[in-house]
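In what follows, a single structure is set out as structure tokens and then discussed.
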Amino acid sequence: MQKRFMAIWFRHLLTDWFTVRRPEMKDVPFVLVASERNRMIIKAANPIAQAQGIYCGMSAADAKAVTNNLQVFDYLPAKETVLLRQLGLWCIRYTPIVAVDLPDGLILDISGCAHLWGGEHGYLKEIINKLRTSGYDARSAIADTVGLAWAIARYGKITPIIKTGTQVETLFDLPPAALRLESYTLQKLQKLGFTTIKSFIQLPRQVLRRRFGEPFLLKLAQALGLENEQIVALVPPVPYTERVPCLEPVKTVKAIEIAIQKLLEGVCIRLQSEGKGLRKGTLKCYRIDGKMTKVSISTNRGSYSVSHLFKLFELQISKIEPALGIDLFLLEATKVEDIDLVQEKLWTGKPGLHDTALAELLDKLAGKIGANAISRYLPAEHYWPERSIKQASDLEEVPSTKWRIDRPRPLRLLKRPEPVDVMALLPDYPPKVFTYKGKRHTVEKADGPERIEREWWRDKGEHRDYYAVEDTQGQRYWLFRSGHYDAAPQWYLHGFFA
Amino acid sequence: MVDAKKDLITRLQKNILQWEGYRPSSLATQQSFGLDDIENNFPNKIFPTATVHEMVCENTEQATTCIGFVSALLAVLMQTGGVCLWISLSDNVYPTALKAFGIEPDKIIFVKLSKDKDVLWVMEEALKCVGLVAVIGELSDIDFKQSRRLQLAVEQSRVTGFIMRNKYDKMGSTACAARWQIKPLLSEPIDGLPGLGFPRWQVELLRARNGKPGSWILEWSAGQFRFIKQEILQEQLQNIG
């Protein structure tokens with residue numbers, strides 16, 4: 001497919017931005033200045049100031065001498081980078097690949113996008129009109145190469161849309177500056193009398209290389225489409241992406257549901273045909289006030305089921321704030337994984353961790369209550385009770401070691417052992433009486449001690465001597481003494497037996 | 001004549017049971033909980049699965065004995081490799097100990113929540129899911145309407161649900177098939193040796209839909225239930241005395 005690029009040139013980027021912020025400056029000549037070698041140098045001048053002969057690089061004092069009512073403001077360093085980035089992100093509604101072209105432009109890869117706005121003409125008009133209504137004086141051009149689009153946007157006089165295969169003729173009448181050359185090369189060209197590209201384009205390459213160097217030839221070849229030129233996308237495009245633009249901004253739940261359904265159908269067909277399943281997805285809603293809200297879902301196992309994924313998004317709809325309305329929905333499958341279709345058939349209908357219904361249930365629960373609330377445990381090779389279990393990373397993980405049943409363990413284990421007051425007949429005897437939460441328990445039977453040493457390579461502290469005890473009512477507890485019995489040791493209750 | 005009427009009545013009773021959701025499922029006939037005496041109190045003499053059981057726990061100790069009793073039942077339900085969901089407010093069930101009751105602890109998915117409302121929502125969703133064999137929910141209170149919703153969910157999916165409630169002072173009626181209370185009892189020393197014996201519980205069936213309430217003494221020993229008859233108990237008490 002023939003690549004098409006669009007270049008946007010903001011003729012007065014910084015001053016336009018300033019005027020948007022302070023509309024009263026619309027009819028006044030003003031400049032933005034920055035200190036440079038102890039002089040205030042003009043960094044940007046608005047169109048009115050420019051008409052009076054003020055240009056960038058002039059000193060502020062000189063400019064003030066030219067006009068009497070010139071307003072001077074501070075230039076914010078690197079402001080154009082920030083502005084172009086914001087404008088570039090806004091342009092993502094027109095194409096997924098947008099690159100910043102410092103200091104005053106944007107490059108859009110519009111291959112296959114223009115027909116959504118009724119052709120390149122309508123596309124270009126739409127963008128320029130939107131930019132102009134928001135206060136930016138922009139020019140743009142569409143061509144086969146980045147270089148040519150850039151040149152036409154700035155120096156073109158006839159038409160902004162250059163048809164495929166007419167690069168050479170179009171370039172003929174443009175000045176050499178349209179080739180994005182360095183000022184040194186430009187001066188040289190001017191000295192030699194080359195005022196248009198036509199005058200040197202047919203010279204032999206060796207001659208041009210000797211006079212102007214390799215970069216010059218590269219720029220020329222890029223403009224003509226003989227060399228490939230890569231642009232760095234502002235937001236790296238996600239391979240599985242669907243978009244639904246709306247003719248009218250929408251804000252009802254029903255409309256959002258329809259949009260999600262449409263997006264999912266598009267993505268899921270692609271995923272299914274490529275044997276992939278969605279693990280993480282993000283729905284981005286671009287609102288007409290220029291803001292973007294997004295919600296994300298994740299699944300335990302790759303899925304391409306529209307109905308299931310729709311259910312997950314349905315739980316998130318309440319988090320979407322449509323404000324004045326949403327005019328573009330974008331669904332990105334940020335994480336996909338291969339799924340084995342044969343295995344899928346095998347596991348349906350059999351209870352177990354591989355069951356699809358179970359995975360779907362867990363996805364749904366995670367969407368509502370958060371994935372942190374759900375856990376599955378596997379045995380870990382530690383004697384210390386708190387560390388003897390670990391969380392499983394996913395549904396597929398199997399225990400790497402066996403569950404130990406050789407020692408009595410309580411069915412309920414307190415997250416933090418709770419201190420208890422204990423009386424023992426002899427210091428190294430199991431407790432006879434203990435008080436827990438203000439209630440006295442007389443111990444009838446006891447088992448123990450089971451000494452569990454602390455893992456000294458992990459943390460410091462005393463070992464624990466555990467006793468399983470039963471009180472007169474038959475209630476069974478797991479108590480431990482922290483440390484040796486010699487110096488008034490502290491006792492804790494750590495669990496309950498059945 | 002009388003025989004014919006009796007026949008008709010038993011057939012009608014069976015039909016009513018079926019309409020009420022007591023289908024003798026093929027799975028249930030295969031599984032044996034080893035609770036013969038208790039099963040006699042239920043209709044069809046089958047321990048009702050694919051329904052919701054309510055456990056009343058007055059304190060943490062009773063809640064723990066409940067876990068013990070339920071785990072023993074789960075071990076039978078999960079024999080086929082099924083998965084079970086454990087929803088709780090406290091999050092202090094110790095998976096390692098479940099292994100002693102014959103459960104694969106890694107086949108249990110724990111959900112920790114902070115509100116009754118969330119527990120009920122998760123429980124209802126889980127009970128609708130055919131990929132599970134059982135769902136256990138620990139919460140503070142449940143009313144009739146909420147329990148009815150859970151009961152309707154299991155009738156479709158054939159999942160067994162257990163509710164452990166710890167608010168017991170004002171208990172209204174619920175749509176659950178049975179209401180239990182499991183209290184800990186003094187254990188009996190094994191062969192007269194000192195130390196703790198096998199866990200022993202007072203199992204009380206407070207209410208059973210279409211069944212009879214009752215009370216039994218059970219012991220969990222060597223991986224199965226053992227009924228302790230009154231005579232044995234007397235004998236043991238005398239031995240101690």
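The structure displayed is predicted, hence computed values, not measured ones. Here is the naming used below: chain letters follow the sequence lines, and residue numbers restart at 1 for every chain.
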Segment of B:L85 engaging chain A (4.5 angstrom heavy-atom cut-off): side chain
Test item: A:I374 and B:I109 side chains (from C-beta on) under 4.5 Å apart, heavy atoms: yes
Test log, rule side chain to side chain contact (heavy atoms under 4.5 Å, CB included), inputs B:N92 and A:F496: CA-CA 10 Å; B:N92 52 18; A:F496 300 87; 6.0 Å; no
Distance in Å, B:T64 OG1 paired with A:L413 CG, rounded so as to fall on 0.5 Å steps: 11.0 Å
Side-chain touch B:T96/A:W403, heavy atoms, less than 4.5 angstrom: yes
Show every donor-acceptor pair shorter than 3.5 Å between a side-chain atom in residues 421-430 of chain A and any protein atom, with sequence neighbours excluded, or say none if there are none.
none

Under 4.5 Å from any heavy atom of chain A - which part of B:L98: both
Contact class of B:W86 relative to chain A, heavy atoms under 4.5 angstrom: neither
Side chain, backbone, both or neither of B:I67 within contact of chain A (heavy atoms, under 4.5 Å): both
B:P184 to A:G474 - nearest heavy-atom pair and separation: CB-O, 3.5 Å
Best-contacting candidate, A:R407, A:K445, A:R409, A:E360, against chain B by heavy atom pairs under 4.5 angstrom: A:K445
Best-contacting candidate, A:V469, A:D471, A:I405, A:L411, against chain B by heavy atom pairs under 4.5 angstrom: A:L411
Heavy-atom pair count under 4.5 Å with chain B, highest-scoring of A:E444, A:Q473, A:R376, A:R476: A:R476
Shortest non-hydrogen separation from B:Y94 to A:P385 and the atoms involved: OH-O, 3.0 Å
For B:V130 against A:A357, the heavy-atom pair lying closest together: CG2-CB, 4.2 Å
Which atoms of A:A468 approach chain B - backbone, side chain, both or neither, heavy atom under 4.5 Å: both
Heavy-atom proximity to chain A below 4.5 Å, by part of B:S114: neither
Heavy-atom contact with chain B under 4.5 Å, split by part of A:V398: neither
Pairing residues for B:R148 by the salt bridge (Lys or Arg N to Asp or Glu O under 4.0 Å) criterion, not counting sequence neighbours: none
B:N59 side, atom CG; A:K437 side, atom NZ - distance, nearest 0.5 Å: 10.5 Å
Interchain contact, A:Y477 with chain B, by part (heavy-atom threshold 4.5 Å): side chain
Portion of B:W220 that has a non-hydrogen atom of chain A nearer than 4.5 angstrom: neither
Choice from B:C129, B:P105, B:P199 maximising heavy atom contacts with chain A below 4.5 Å: B:P105
Contact class of B:F101 relative to chain A, heavy atoms under 4.5 angstrom: side chain
Minimum heavy-atom distance between A:D447 and B:L196, given as atom pair plus value: OD2-N, 3.2 Å
Max heavy-atom pair count under 4.5 Å with chain A, selected residue of B:G195, B:G197, B:G68: B:G195
Reported CD-to-NE2 distance for the pair B:E61 and A:H441, which is rounded to 0.5 angstrom: 6.0 Å
Smallest separation among heavy atoms of B:W121 and A:K364, with atom names: CH2-O, 4.3 Å
